[in-house]
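Working notes, structure below.
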Protein chains: 2
Amino acid sequence: MLGSPDECARQILEAIPLVMRAIRHEMRSHRGSDLSVPKFRVLIFLNRHEGASLSEIAEHLGLALPSMSKMIDGLVTRNMVVRQMDPGDRRRVTLAPTPLGRAAMQSALEATAARLAERLAALPASGRCTIIEAMQILASIFGCGRDTKTAIGK
Amino acid sequence: MLGSPDECARQILEAIPLVMRAIRHEMRSHRGSDLSVPKFRVLIFLNRHEGASLSEIAEHLGLALPSMSKMIDGLVTRNMVVRQMDPGDRRRVTLAPTPLGRAAMQSALEATAARLAERLAALPASGRCTIIEAMQILASIFGCGRDTKTAIGK
DNA sequence: TATTGTTATACTCTATAACTATA
DNA sequence: TATAGTTATAGAGTATAACAATA
């Protein structure tokens with residue numbers, strides 16, 4: 001059945017790992033601002049949501065709190081993020097990118113996007129529009145409404 | 001400039017890691033044959049290239065030899081792959097999936113696809129068609145004509 | 001000497017459990 | 001008691017360097 005959820009799932013399993021591998025490869029080969037994909041995504045989020053709390057970032061990226069805390073440690077050590085106590089609720093931590101963090105993100109973003117764009121340029125514009133639309137749909141169902149945690153259960 | 005290669009690249013960078021994380025989660029939460037994505041890919045490759053050497057697998061999956069060696073250790077320990085000396089060239093190791101390995105691969109494929117399909121069922125059919133179309137385009141430009149393409153999609 | 005793998009070592013990413021500090 | 005984060009610990013995945021065995 002065309003367009004069935006199962007068919008769609010199989011197509012995703014076929015294609016996504018390939019694209020992910022290409023992304024990691026591009027980012028690793030871009031020496032100069034050696035950001036991992038997850039750190040990169042943290043910086044992107046903080047760039048648009050300055051002052052976000054640890055929980056908010058963890059929620060957005062779908063990571064457990066301790067994992068995120070440790071990742072932030074690494075970014076703070078490298079002077080890419082600043083941690084600050086929220087005066088209104090002293091349990092909360094507010095996070096923001098430093099100028100260095102923003103620069104590293106921009107640099108990684110541009111280098112990686114440029115490499116990907118090179119490949120995408122071979123497509124007709126309609127193909128790229130289809131991809132953009134699909135990415136937005138996927139982000140909406142795999143990014144938000146994280147019931148993954150409860151689904152894992154444990 | 002909607003639909004530009006650059007815009008498209010940025011959307012990909014935003015969405016693909018989210019989907020990849022969901023795939024990993026679902027594979028791990030499928031207790032019984034909890035295969036990581038890389039191990040899953042090794043089994044898929046061996047399923048179609050029985051008797052391949054370590055170097056050949058490492059080459060196809062884009063991993064360093066020691067990484068692959070260690071990963072094969074894990075699969076051998078779990079009785080999913082057999083290592084054998086090549087009598088013709090005793091430096092070489094030939095690898096093949098066991099029946100258990102093949103079964104685990106099938107099972108992981110089906111379970112993961114089913115979980116993804118559950119989420120995708122919430123979309124309108126038109127959204128799923130858009131995703132399918134996008135996945136096919138992405139596989140064609142990021143696939144390099146390699147293994148996962150035909151293997152996973154079966 | 002060149003090739004094929006393995007061992008040793010280290011770092012990143014991620015998770016769960018136990019804890020601290022604040023509300 | 002409930003919430004926000006951190007520390008402790010563990011395990012997978014990956015890399016490089018050094019090594020062993022075979023050609």
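Letters go in sequence order (proteins before strands), and every chain restarts at 1.
Listed nucleotides: D:dT14, C:dT14, D:dG13. Nearest to the side chain of B:Leu63: D:dT14. The side chain of B:Arg92 lies closest to C:dG5, out of D:dT14, C:dG5, D:dT7. Comparing C:dC13, C:dG5, D:dT6 by their closest approach to the side chain of B:Val93 singles out C:dG5.
Taking only side-chain nitrogens and oxygens, B:Ser53 never comes nearer than 4.0 Å to OP1 or OP2 of C:dT4. At C:dG5, one or more side-chain N or O atoms of B:Ser55 fall inside 4.0 Å of OP1 or OP2 (strictly under the cut-off). At D:dG13, one or more side-chain N or O atoms of B:Ser36 fall inside 4.0 Å of OP1 or OP2 (strictly under the cut-off). A close approach under 4.0 Å does occur between a side-chain nitrogen or oxygen of A:Ser67 and OP1 or OP2 of C:dA15. Close to C:dC13, at under 4.0 Å from its OP1 or OP2, lies no side-chain N or O of B:Arg24.
Taking atom NE2 of B:His25 as the reference point, atom C1' of D:dA12 lies 13 Å away to the nearest angstrom. The CE atom of A:Met71 sits 13 Å away from the P atom of D:dT6 (whole-angstrom rounding). One can place CE of B:Met85 at 13 Å from C1' of C:dT4, the figure rounded to the nearest angstrom. Rounded to whole angstrom, the span from the CG atom of B:Leu65 across to the P atom of C:dA8 amounts to 17 Å. Taking atom NZ on A:Lys70 and atom C1' on D:dG11, their separation rounds to 11 Å, with Å as the unit. What separates CE of B:Met68 from P of D:dA15 is a distance of 9 Å, to the nearest Å. Separating the CD atom of A:Gln84 from the C1' atom of D:dG5 is a distance of 16 Å, rounded to the nearest angstrom. At whole-Å resolution of the value, CZ in B:Arg21 and P in D:dG13 are 15 Å apart.
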Give each protein N/O atom lying under 3.5 Å from an N/O atom of nucleotides 18-23 of chain D, with the pair distance.
unit_1	atom_1	unit_2	atom_2	d
D:dA23	OP1	B:Arg90	N	2.8

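Under a 4.0 Å N-O distance rule, the pair B:Asp73/B:Arg83 qualifies as a salt bridge. Taking a cutoff of 4.0 Å between a charged side-chain nitrogen and a carboxylate oxygen, A:Asp6 and A:Arg10 qualify as a salt bridge. A salt bridge links A:Glu56 with A:Arg92: the closest approach of a Lys/Arg side-chain nitrogen to an acidic carboxylate oxygen falls below 4.0 angstrom.
Residues satisfying the side chain to side chain contact (heavy atoms under 4.5 Å, CB included) test with B:Val37, not counting sequence neighbours, are B:Met20, B:Ile23, B:Arg24, B:Met27, B:Arg41.
One hydrophobic cluster, built from ILVMFWY side chains closer than 4.5 Å, cannot hold both B:Ile132 and B:Leu123; they sit in different ones.
Between B:Leu13 and A:Ile44, the closest side-chain pair of non-hydrogen atoms is not below 4.5 Å.
Around CD of B:Glu110, the count of heavy atoms belonging to other residues, nucleotides or ligands within 6.0 Å exceeds 12.
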